[in-house]
Amino acid sequence: MAKTIVITGGSRGIGAATARLAGKRGWSVAFSYRDNGEAAEATRRAIEAAGGKAIAVRGDVAREADVVAIFDAAAQAFGMIDGVVNNAGTIIGPPMPVAEMSLERLEKVVAVNVVGAYLVAREGVRRMGKMRGGRGGVIVNLSSAAAKLGGPGEYVDYAGSKGAVDSMTIGLAKEVAGKEGIRVVAVRPGMIETEFHALGGMPDRAERVGGTVPIGRAGTADEVAETIVWLLSDAASYVTGTIVEVTGGR
């Protein structure tokens, strides 16, 4: 039986790598993107070239109507939903101490990384929960090593938002593991080579910090994707309520 997955923020970075790998492993993939339609189309074509099925849906996870529309599009295209990768996130502006952060920046980080993550998880439970007509499934939330490191002097706001994702993962897992039949886990990537650092004004950050990681280098989006897709699989059937580190020992 073919399974369907919803991935938020699937046009680039870890989201795109996960979408490509899931498609290659036989999942039907519905992924969202916010602005970069060209990158989204490239991801969709890559999935189909590998023999998978995919649709790209434009939407902002900070908007409830958009989140519902992403799941509606997935269900319309592929039927019942079996997995959710809660990946969409944002980092706002250049690194700075908390004392210099504007209210606008703080509100945006919370709206996308916290409220958006909760909306996506909520919709996943509504669509997959066995008590709600679904057949159970898996939610994989994307956290960050910043949640435990704190991001001092740079991104304490982002770190705090990912700490909220960690707490949500633990609580929701306990809430839906039984009668709803849903596993909820999180992946906590460390220093990963993606364009995410450039969006924060430090395009060389992965290269600069990678040498300080115990394993000796920055990680890749494909390495994180392998962990996510494993957690989605039946091979991880007894794994829930936990946060998996993909940090190279950092």
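What you see is a predicted model, and the numbers here were worked out from it, not measured in a lab. Residues take their numbers from the sequence shown, with the count starting at 1.
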Task: Same cluster (ILVMFWY, side-chain, under 4.5 Å), Val84 and Val29 - done: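 No, Val84 does not connect to Val29 through the hydrophobic network.
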
Task: Single-linkage hydrophobic cluster, 4.5 Å side-chain cutoff, Val6 and Val229 together - done: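 Different clusters.
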
Open item on the list: Applying salt bridge (charged side-chain N to carboxylate O under 4.0 Å, His left out), can you list everything that pairs with Arg127, at least two apart in sequence or on another chain?
Closed with: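 Result, salt bridge (charged side-chain N to carboxylate O under 4.0 Å, His left out) vs Arg127: Asp72, Glu123.
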
Give a yes or no on whether the backbone of [Y] and the side-chain of [X] come within a donor-acceptor separation of less than 3.5 Å.
X	Y	result
Asp66	Gly59	no
Ser32	Gly9	yes
Glu223	Thr220	yes
Asn86	Ala117	yes

Interatomic spacing from [atom1] in [X] to [atom2] in [Y] - rounded to 0.5 Å:
X	Y	atom1	atom2	result
Glu41	Ser11	CD	OG	12.0 Å
Lys148	Arg250	NZ	CZ	9.0 Å
Thr90	Arg34	OG1	CZ	5.5 Å

Task: Side-chain H-bond candidate by donor/acceptor type, Asn141 with Thr169, under 3.5 Å - done: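 Short answer, yes.
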
Atom pairs and distances, donor-acceptor, side-chain atoms in residues 172-183, under 3.5 Å, two or more places apart:
from, atom 1, to, atom 2, distance (Å)
Glu180, OE1, Lys130, N, 3.3
Glu180, OE1, Met131, N, 3.1
Glu180, OE2, Arg132, NE, 2.9
Arg183, NE, Ala236, O, 3.4
Arg183, NH1, Leu231, O, 3.2
Arg183, NH1, Ala236, O, 2.9
Arg183, NH1, Val239, O, 2.9
Arg183, NH2, Leu231, O, 2.8
Arg183, NH2, Ser233, O, 3.2

- [ ] Taking side-chain contact (heavy atoms from CB on, under 4.5 Å) as the test, write out the residues that go with Ser161, two or more places apart.
- [x]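 For Ser161, the residues satisfying side-chain contact (heavy atoms from CB on, under 4.5 Å) (neighbours in sequence not counted) are Val109, Asn113, Val114, Tyr158.
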
Task: Non-hydrogen side-chain atoms of Arg12 and Tyr33 separated by less than 4.5 Å - done: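 Not in contact.
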
